[in-house]
Amino acid sequence: MPVQPVFVATWRFGVAAARVGWKRLSQGATALDAIESAGNLTEEDPEVNSVGYGGLPNAAGEVELDAAIMNGVGHCAGAVGGLQRTRKPISVARRVFEQTPHTMLVGENARKFALRQGFPEANLLTSQSQERYIEWRKTQLGADVAHFDLGPTNSQPPQPLFTPDNHDTIGLCALDANGDLAVGCTTSGMSWKVPGRVGDSPIIGSGLYVDNEIGGAAGTGHGDEMMKACVSFRTVMNMERGMTPTEACAEALRYLIRKRPPEAHDHYGAALIALRKDGMVGGAATYSGFRHPDRLWQWAEATSADPVLHEGCYVTPGRILEQLG
C-alpha cells in the first residue's frame, strides 16, 4: 500500500526546497531523487549565501562547498568536501557513490572528478558575496588565515566571524511512497574559514544519517562542534530506541552540550531535523545561538504542496523548552 510522502528541510529558506522535494515525491520520484532536486534548488539560489552558488567564501576568497547524500535503500552514501568552482555539489556527491567504490572525494580531485562527470567549471562568487568578502578583509589585521606556518613571532590568524547566516547548512530528509528514506546536506560552510576546512555536513553520521528501517536525520549549525558528537547518527539510534523524532533530536543535542564545554557551542548553535519511518517528523535546536529575534530555529515540513514552517523546540543543558510551533 502506498505511503504518504513526507519531506523535511532546515531553515525558513528550506520551505522552497521542501516544496520541490514533496512535488517530486508526489509524482512518484524516489526519496533519493527528491533529495537531490531539493538540494539543487537551494544550491542554485544566489540569495542563500550559506549554500552553493553565492555562498560566502573562505579566508582566501574562494568558495569551498561540502555536500553529502545518503540513500536508505542499500545504505549507500556519497560526499564531497572542499569542492571548488563546481555547482550542484549534492549531485556530485551522488555520483561519488554511484560511479566509484568510494564514499567521499575532497578538494582538487573532487573537482576533477566532477569535470569528468560532466559538471562544468563555474564561478561560485556573486557580486554580493564578493563585496562582503572585501569588507571582511578590511577588518582583518592578523596574518592571512591561509598561512599554515605561523611561528612564535607571527600574529594569530583572524577567527571566522559567526553571523546569523554564515553557517546555515540546509539539511534534508525524505520519505517516498514506497516507504523508503533518504537524506542530504549541502553547504558552503563557515564564512571566512581556513582554506581546506570541512565541517560536519559531508560527514556520514555527523551532518546526516539514515537507516531505512528506522528513519533519517540531518543537522545545521556549528559543524566543528557537531561532528564531535555524531549527532545525526545518535538521533537515528534514539528513534530506534523508541523516541519521537523531536525527543531524539533533543537528546542528541543534550549529549553534545554535556560533552563539550559551554564556550565551545554557546552563541553558535546546533540544530537537527528528523523523519521517522512511519512519517512522524521533529526537530530541535540549542537555545543558545538559535533563539534570538533575528535567528529563530525554523524548519519546513511538507506533506502537501504547501509546506508548514515550524519553530522549535529548544534545548538547554538541563531540559527541553516548550515547542513553539
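What's counted below: heavy atoms across the whole structure, side chains too, no hydrogens, waters or symmetry copies.
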Test log, rule salt bridge (Lys or Arg N to Asp or Glu O under 4.0 Å), inputs Arg111 and Glu108: CA-CA 5 Å; Arg111 188 185 71 83; Glu108 179 63 12; 2.6 Å; yes

Approximate separation, where rounding is to 0.5 Å, of Phe7 CZ and Leu25 CG: 7.0 Å

Please examine the side chains of Pro245 and Met239, heavy atoms only from C-beta on, and report whether any two atoms are closer than 4.5 Å. yes

Just by modelled atom types, is the Ser50 backbone N or O under 3.5 Å from a matching donor or acceptor in the Thr187 side chain? yes

Measuring from atom CG of Leu125 to atom CD of Gln130, what distance do you get when rounded to the nearest 0.5 angstrom? 5.0 Å

Strictly distance-based, threshold 3.5 Å: is any side-chain N or O of Asn49 a donor or acceptor partner for the main-chain N or O of Gly55? no

Side-chain (Thr169) to main-chain (Gly171) donor-acceptor, under 3.5 angstrom: no

Please assess Asp224 against Met190 for the test side-chain contact (heavy atoms from CB on, under 4.5 Å), listing each intermediate value before the final yes or no. CA-CA 10 Å; Asp224 290 297; Met190 189 184 297; 3.3 Å; yes

Using side-chain heavy atoms (C-beta onward) and a distance below 4.5 Å, is Pro202 in contact with Met104? yes

Test of understanding: with side-chain contact (heavy atoms from CB on, under 4.5 Å), list the residues that count as partners of Leu105, not counting sequence neighbours. Val96, Ala110, Phe113

Heavy atoms only: give me the nearest Cys249-Ala284 pair and the separation to one decimal. CB-CB, 3.7 Å

If two hydrophobic side chains count as joined below 4.5 Å and joins carry through other members, does Met237 share a cluster with Leu275? yes

Point-to-point distance, once rounded to the nearest 0.5 Å, from OG of Ser232 to CG of Leu272: 5.5 Å

Treat each ILVMFWY residue as a node, draw an edge where side-chain heavy atoms are under 4.5 Å apart, and state whether Phe119 and Phe97 are in one component. no

For Ile134 and Lys138: C-alpha separation, side-chain torsions, deciding distance, then whether side-chain contact (heavy atoms from CB on, under 4.5 Å) applies. CA-CA 7 Å; Ile134 292 171; Lys138 291 177 182 178; 4.1 Å; yes

Lys259: side-chain hydrogen bond (donor to acceptor under 3.5 Å, both in side chains) partners, not counting sequence neighbours: none

Contacts of Leu124 meeting side-chain contact (heavy atoms from CB on, under 4.5 Å) (sequence neighbours excluded), chain-then-number -> Val63, Leu65, Arg87

Would you mind reporting whether Glu247 and Asn238 have side-chain heavy atoms less than 4.5 Å apart? no

Hydrophobic cluster membership, Leu296 vs Phe290, 4.5 Å side-chain cutoff: yes

Does His75 have any side-chain contact (heavy atoms from CB on, under 4.5 Å) partners at least two apart in sequence or in another chain, and if so, which? Met70, Tyr209

Is the closest side-chain heavy-atom distance between Leu56 and Arg132 below 4.5 Å? yes

Lys23 NZ: over 12 foreign heavy atoms closer than 6.0 Å: no

Could you please spell out the steps behind the side-chain contact (heavy atoms from CB on, under 4.5 Å) verdict for Phe13 and Asp168? CA-CA 10 Å; Phe13 60 75; Asp168 294 348; 4.1 Å; yes

CA sep, side-chain torsions, deciding dist, call: Arg95, Glu98, salt bridge (Lys or Arg N to Asp or Glu O under 4.0 Å): CA-CA 5 Å; Arg95 296 288 183 88; Glu98 290 182 336; 5.0 Å; no

What are the two closest heavy atoms between Thr10 and Ile170, and how far apart are they? OG1-CA, 3.2 Å

Distance in Å, Asp176 CG paired with Ser26 OG, rounded so as to fall on 0.5 Å steps: 12.0 Å

Applying side-chain contact (heavy atoms from CB on, under 4.5 Å) to Ala182 and not counting sequence neighbours gives Ala31, Leu32, Ile35, Asn71

Find out whether Glu225 and Lys228 are in side-chain contact, i.e. whether some heavy atom of one side chain is under 4.5 Å from a heavy atom of the other. yes

Closest non-hydrogen atom pair between Arg276 and Met243, with its separation: NH1-O, 3.5 Å

Lys277 NZ: over 12 foreign heavy atoms closer than 6.0 Å: yes

Side-chain heavy atoms of Pro307 within contact of Val15, under 4.5 Å: yes

Measuring from Leu175:CG to Asn212:CG, what's the distance to the nearest 0.5 Å? 9.0 Å

Quick note, ring-ring contact (aromatic ring centres under 6.0 Å, His included) partners involving residues 27-65, not counting sequence neighbours, are none

Any chain of hydrophobic side-chain contacts (each under 4.5 Å) joining Ile69 to Met227? no

Say whether Val8 and Phe233 are linked into one hydrophobic cluster, either directly or through other cluster members, by side-chain heavy-atom distances under 4.5 angstrom. yes

Give a yes or no on whether the backbone of Ala34 and the side-chain of Ser37 come within a donor-acceptor separation of less than 3.5 Å. no

State, yes or no, whether a side-chain contact exists between Glu47 and Gln128 at a heavy-atom distance under 4.5 Å. no

Only one of Lys193, Gln84, Arg197 forms a side-chain hydrogen bond (donor to acceptor under 3.5 Å, both in side chains) with Glu64, so which one is it? Gln84

To the nearest 0.5 Å, atom SG of Cys185 lies from atom CD1 of Ile90 at 8.0 Å

Side chain Thr126, main chain Gly54, donor-acceptor under 3.5 Å: no

Out of the candidates Glu43, Gln117, Glu36, only one should pair with Ser91 under the side-chain hydrogen bond (donor to acceptor under 3.5 Å, both in side chains) rule; please name it. Glu36

Dump the intermediate steps for side-chain contact (heavy atoms from CB on, under 4.5 Å) on Ser191 and Trp136, then the final yes or no. CA-CA 10 Å; Ser191 61; Trp136 174 78; over 6 Å; no

Are the side chains of Trp192 and Tyr133 in touch, meaning some heavy atoms are under 4.5 Å apart? yes

